[in-house]
Amino acid sequence: MAQEIPSRYDHKESEPRIYNLWEKSGYFNPDNCVKDGIVKKDAEVFSIALPPPNVTGTLHIGHAYEDAFQDIAVRFNRMRGKRTIWVPGTDHAAIATQAKVEKDLIKTEKKNRFDLGREEFLRRVNDFAKASHDVIVRQIKRMGASLDWSREAYTLDEPRNLAVRTAFKKMHDLGLVYRGNRVVNWDPKGQTVISDDEVTHEERKAKFYTFRYSKDFPISISTTRPETKVGDTAVAVHPKDARYKKFVGKTYEVNFVGVPLKIKVIADETVEKDFGTGALGVTPAHSMIDWEMAQRHKLPLVQVIDERARMLVDGPFDAAQGKPILQGMKTIEAREWIVEELRKNGLLEKEEEVAQNISVSERTGGVVEPLPKLQWFVNVNAKFQIPPARRSLGAGGNSKFKSIKGGEKITLKELMRRVVESGEIKIMPERFEKVYFHWIENLRDWCISRQIWFGHRIPAWFCLGCGTENIQQKSEARWFLVRHGQSKFNKEKISQGQMEGNPLTTEGIAQAERVADQLKNENIGLVVSSDLERCKMTAEIIAEKTGAKIIFDKRLRERGLGIAEGMARGERERIYGDIMKDYENKIPGGESWQELEKRLSEVLVDHLKDHEHKNIVVVSHGAPINFLVGKMKNIQSREIISQPIPKNSEVLELIITEPCRKCSGHFYEQDPDTFDTWFSSAMWTFSTLGWPAFAETATAGKPGPENDLANYHPTSLMAPGYEILFLWVARMILMSGCLLGEIPFRRVVLHGIVRDAQGKKFSKSAGNGIDPLFLADKYGADAIRMALIVGTATGNDVKFDENRVKGYRNFSTKLWNIARFVLSNKPADLRRHERGLTQTTNAEHKQNIEELENIKKSITEHIEAFEFHLAAEKIYHYIWHTLADKIIEAEKKNLKDGDASQKAESYALLEHLLLESLKMLHPFMPFVTEEIYRKFRPDRLLMVEKW
RNA sequence: GCGCGCUUAGCUCAGUGGUAGAGCACUGCUUUUACACAGCAGGGGUCCAAGGUUCAAAUCCUUGAGCGCGCACCA
């Protein structure tokens with residue numbers, strides 16, 4: 001017997017094979033467990049959503065820890081007979097992924113996202129995300145995670161998009177989402193707004209300047225950012241500050257380094273008398289605190305810094321450069337220049353070195369510039385009523401919360417606090433509850449819009465005519481205005497006008513094909529095109545790929561340029577430049593703008609009327625497209641002329657819906673912004689379980705994904721790293737609360753960060769990353785799991801040491817050999833001699849069995865208390881130092897010299913103790929335990945044995 | 001500034017009122033119905049410091065030191 005089994009356990013061969021076996025069994029899916037009678041239909045539920053890893057790259061050892069931790073809980077509960085579900089998925093991680101791809105792009109092709117354009121750039125990001133996803137899934141499986149892959153989700157897929165759109169609409173209706181002009185964190189490097197929680201602070205040395213705006217202003221102020229002071233509209237002092245009392249309420253007109261300012265002196269409680277001069281220059285546009293103060297005192301707001309962190313004010317005129325000196329200057333340079341001016345004019349009173357925390361974008365490292373911007377926000381202070389329950393279960397009116405009454409009006413802040421305070425959600429380790437409450441205290445409205453491309457597009461449309469917003473989930477029809485691809489004359493820079501025989505270049509054809517690919521799945525009903533060659537070719541390519549009908553409409557032709565057609569563009573500009581810009585005038589033989597406008601004016605109306613519910617592609621030329629759009633936007637004809645024309649093959653997407661309630665316009669343009677990635681991941685616990693598609697119909701107790709929401713939500717456990725307590729955990733509570741009226745999970749167990757032997761965080765930039773796949777091949781996934789779990793109290797950081805992995809690899813060999821030994825002693829005619837363990841008369845054996853039962857009880861308790869490290873250590877210790885070192889050694893004599901029935905009794909004891917030990921070890925080391933178990937019970941799966 | 005965590009064997013860390021623990025490393029011995037990725041035996045700790053509570057403190061309390069972290073911000 002023993003000879004057939006090698007003395008070493010081959011984890012590299014075994015682990016993938018065993019995982020395959022589990023997957024094939026289908027028992028990661030609770031529906032199958034119920035179907036096969038492994039768990040009862042009405043058994044208790046244990047459900048958990050995997051915190052979806054970002055598709056920004058591959059997994060590191062920290063993910064392995066997170067997965068192992070959850071898998072222990074999942075396997076334990078499954079063996080305890082619960083209907084256990086663990087839902088996998090990945091996160092598109094909007095800004096992180098986009099930043100990663102853009103960085104690579106700049107490095108390899110020296111292009112940024114704007115050079116590539118939205119469509120092409122997104123294609124690259126999606127390719128990258130797909131590749132990451134595939135590696136990630138392979139890694140997760142390699143670690144043995146028993147996830148129900150049939151329910152795999154992605155935060156950017158279609159069901160999750162529906163969830164995002166539905167949530168946005170619902171929250172808007174509840175008054176929890178609004179669009180407003182507020183000071184936000186602008187990341188000049190990423191060119192997007194970021195939320196407060198994506199900002200980190202770095203300590204740097206800074207100069208702290210004390211000065212007066214001008215000689216005739218009575219109060220000195222201090223700042224580390226003098227360049228923002230050109231945007232000051234007030235000086236704030238403490239109401240009880242005797243020094244300044246006499247100035248409060250007065251307004252001064254001052255000239256600050258050549259910039260005229262109107263400064264009102266105000267009194268505000270938040271000003272500290274003892275700091276600096278006790279007076280604070282208020283810059284409402286470029287400081288969160290000042291903005292809030294400005295709101296209280298109704299101060300005007302002057303923006304003086306732009307999105308590229310350059311100055312937006314003039315200052316004195318610089319004759320040498322022929323422009324106002326500050327205009328367009330970088331903030332740092334402006335600071336130096338202003339300080340120098342103050343010094344020259346004797347206004348600078350003090351200059352001190354201070355340590356200052358500056359705000360930095362967590363993702364891009366850009367120094368955050370507070371700017372006033374029109375963005376979408378979640379209002380955390382607005383009262384609302386929990387919406388009607390999606391399932392008509394139990395009492396409590398509209399609320400399924402234990403701690404919130406039905407019909408009660410509550411703010412999101414209060415809701416988030418209440419459910420944790422009341423213990424409805426329990427956060428472990430407990431110290432994080434305090435951290436959580438503290439965060440809520442300081443919480444501001446959550447900015448959810450981002451100026452990046454990769455993500456869920458915000459489902460808000462603005463009327464082209466008047467800008468009125470319209471939030472809805474589906475449009476009646478869409479129009480795509482497309483300029484033709486590059487033509488021969490475009491390339492050669494020759495005036496085309498209405499000339500015949502000017503086909504697309506190879507590049508132009510490729511452009512048209514790209515557009516066609518993009519429109520392929522848009523259900524295009526009709527292509528309407530100018531009949532000129534370059535449009536015709538473009539339209540035909542689009543029609544072919546989309547399967548739409550084409551009609552040609554002469555009225556969509558380019559403006560006629562008469563005798564200038566065929567002329568080099570430069571020459572035309574020289575001769576007819578003025579005429580080209582004139583509304584009424586025209587080149588001989590050509591058309592005036594007025595005439596062009598006239599022939600286009602009917603086009604919109606006609607096609608709107610004739611093809612009411614169709615998605616239409618309109619292929620035309622630069623000038624006509626500008627006029628069409630200009631008309632929709634109600635722009636003056638003369639202004640349209642000076643608008644830049646779209647690029648070759650550029651697509652403008654519009655939706656058509658019921659006429660605007662303000663201006664009766666039909667055309668709407670979608671908000672170009674996307675959602676904060678956390679907006680979609682905040683719905684993870686329920687968007688993965690069928691919300692909103694099955695929100696109304698899900699039925700508890702029935703199998704199938706369409707009933708998941710009723711069966712598995714709220715989830716039982718959430719186990720992310722503590723670093724995303726605010727970013728994610730808190731927001732899941734928020735979203736589940738206002739959208740479902742219930743908690744997303746009953747318990748949160750936060751784990752620490754895995755660090756390297758030096759205590760440093762693993763990161764790609766530090767180059768200390770360890771590929772879990774490499775380690776798994778070397779020592780086995782089981783060994784990695786044990787090394788990560790044992791020796792780390794839940795919630796503490798893990799210092800990762802490869803030596804420990806090696807130690808647990810040795811343990812799996814030990815276990816393997818225990819099994820080998822036991823098996824080698826299996827009597828051929830076991831049955832005949834078996835007396836049954838419960839009837840054993842051997843006192844020592846009885847004691848062995850009792851000891852095992854005690855160990856089992858204690859391990860069960862540890863696991864239930866999420867003390868996995870203690871449970872793992874205990875079973876490890878039992879197997880090695882009790883079962884192997886003591887019990888087996890003691891039985892050897894019997895096995896060698898005993899009679900047949902004694903041998904059988906010894907064997908039965910050892911087999912029992914071993915198999916029970918395998919069960920207890922299985923959640924921690926699933927592979928080797930399953931492999932060994934099958935040597936004893938070839939027709940069974942340890943994974944679903946009863947604990 | 002407010003808050004949190006850590007400080008235990010050479011290293012990495014468990015233990016949280018009842019005679020100090022694990023892994024790795026170290027020393028010596030041992031091929032024995034499995035396992036040398038093993039067994040047996042062993043060395044190594046004033047449990048950061050000081051004070052307090054207690055019959056009893058690594059464990060609870062107070063103060064302090066060093067390291068690390070979070071939040072807020074001084075404008």
Side-chain angles (χ1 to χ4, degrees), chain A residues 1-3 5-9 196-197 200-201 206 208-210 221-225 228-229 232 235-236 268 270-272 274-283 286-290 293 352 354-359 429-432 434-439 441-443 722-723 725-726 752-753 755-759 761 779-780 783 786-787 789-793 795-825 867 869-870 872-874 876-877 880-881 884-885 888-889 891-893 895-897 910:
Chain A
M1 286 254 220
Q3 302 86 292
I5 304 171
S7 67
R8 290 283 153 80
Y9 166 59
D196 296 344
D197 295 287
T200 58
H201 300 282
F208 189 51
Y209 303 97
T210 301
I221 56 159
S222 305
T223 184
T224 52
R225 297 200 61 192
T228 64
K229 298 289 106 182
D232 280 12
V235 163
D268 194 284
T270 61
V271 179
E272 281 185 42
D274 303 328
F275 184 80
T277 62
L280 154 69
V282 183
T283 322
H286 299 288
S287 155
M288 214 76 87
I289 301 287
D290 292 8
M293 202 180 291
E352 306 156 78
V354 293
Q356 187 206 18
N357 282 329
I358 57 152
S359 302
E430 212 166 328
R431 62 174 187 269
F432 286 107
K434 219 189 280 182
V435 179
Y436 173 81
F437 292 135
H438 187 239
W439 174 80
E441 292 305 318
N442 293 300
L443 185 62
Y722 60 67
E723 75 278 7
L725 175 61
F726 311 141
I753 295 166
R755 300 168 182 277
D756 70 7
Q758 278 73 47
K761 260 191 188 179
Y779 301 112
M786 281 297 271
I789 294 297
V790 179
T792 305
N796 287 358
D797 289 355
V798 184
K799 266 189 206 154
F800 188 74
D801 182 3
E802 193 173 324
N803 265 326
R804 296 181 53 217
V805 185
K806 201 165 142 192
Y808 291 107
R809 187 274 321 264
N810 294 354
F811 175 55
S812 57
T813 309
K814 181 76 185 180
L815 182 63
W816 181 256
N817 279 290
I818 291 170
R820 207 158 70 104
F821 175 79
V822 174
L823 263 185
S824 72
N825 283 294
E867 294 162 345
H869 59 297
L870 299 180
E873 197 176 336
K874 236 167 218 177
Y876 168 89
H877 228 253
W880 201 316
H881 300 301
D885 291 351
I888 288 182
E889 289 306 322
E891 293 305 317
K892 274 183 182 172
K893 194 167 171 292
L895 288 167
K896 197 175 169 196
D897 304 328
L910 293 182

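Throughout, protein chains are lettered first and strands after them, A, B, ... in sequence-line order, and every chain is numbered starting at 1.
For B/rG15 and B/rG23, the C1' atoms lie 15 Å apart once the distance is rounded to whole Å. B/rU16 and B/rA57 have their C1' atoms separated by 10 Å, given to the nearest Å. Atom P of B/rA22 sits at a distance of 16 Å from the matching atom of B/rA38, rounded to the whole Å. B/rG44 and B/rC24 have their C1' atoms separated by 14 Å, with the value rounded to a whole Å. The C1' atoms of B/rA14 and B/rU8 are separated by 10 Å, rounded to the nearest whole Å. Across B/rA20 and B/rC13, the matching C1' atoms stand 15 Å from one another, rounded to whole Å.
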Protein-nucleotides 19-29 of chain B N/O pairs closer than 3.5 Å?
residue: B/rC24; atom: O2'; partner: A/Asn803; partner atom: ND2; Å: 3.3

Contacts under 3.5 Å, N or O only, protein and nucleotides 31-35 of chain B:
residue: B/rU33; atom: O2; partner: A/Asn825; partner atom: OD1; Å: 3.2
residue: B/rU33; atom: N3; partner: A/Asn825; partner atom: OD1; Å: 3.1
residue: B/rU33; atom: O4; partner: A/Lys892; partner atom: O; Å: 3.0
residue: B/rU33; atom: O4; partner: A/Leu895; partner atom: O; Å: 3.0
residue: B/rU33; atom: O4; partner: A/Lys896; partner atom: N; Å: 2.4
residue: B/rA34; atom: O3'; partner: A/Arg820; partner atom: NH2; Å: 2.9
residue: B/rA34; atom: O2'; partner: A/Asn817; partner atom: OD1; Å: 2.7
residue: B/rA34; atom: O2'; partner: A/Arg820; partner atom: NE; Å: 3.0
residue: B/rA34; atom: O2'; partner: A/Arg820; partner atom: NH2; Å: 2.6
residue: B/rA34; atom: N7; partner: A/Lys892; partner atom: NZ; Å: 3.2
residue: B/rA34; atom: N6; partner: A/Glu889; partner atom: OE2; Å: 3.1
residue: B/rA34; atom: N3; partner: A/Asn817; partner atom: O; Å: 2.9
residue: B/rC35; atom: O4'; partner: A/Asn817; partner atom: OD1; Å: 3.0
residue: B/rC35; atom: O4'; partner: A/Asn817; partner atom: ND2; Å: 3.2
residue: B/rC35; atom: O2; partner: A/Lys814; partner atom: NZ; Å: 2.7
residue: B/rC35; atom: N3; partner: A/Lys814; partner atom: NZ; Å: 3.2

For nucleotides 2-9 of chain B, which of its nitrogen or oxygen atoms have a protein nitrogen or oxygen under 3.5 Å away, and what is each distance?
residue: B/rC4; atom: OP1; partner: A/Lys434; partner atom: NZ; Å: 3.2

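Atom CG in A/Asp197 sits about 12 Å away from atom C1' in B/rG70, given to the nearest Å.
A/Tyr876 pairs by the ring pair (Phe, Tyr, Trp, His ring centres under 6.0 Å) definition with A/Tyr808, A/Phe811, A/Trp880, not counting sequence neighbours. Residues meeting the ring pair (Phe, Tyr, Trp, His ring centres under 6.0 Å) test with A/Phe821, sequence neighbours left out: none.
With A/Asp797 contributing its side chain and A/Gly752 its backbone, the two residues share no donor-acceptor pair below 3.5 Å. Under the 3.5 Å distance criterion, the side-chain polar atoms of A/Arg809 are left unmatched by any main-chain donor or acceptor of A/Ala783.
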Note, RNA chain B 5' to 3' with Watson-Crick or G-U pairs under 3.5 Å encoded as ( ), [ ], | and . gives ((((((((.[[[[.)..(..]]]].(((((.......))))).....[[[[[..)....]]]]])))))))....
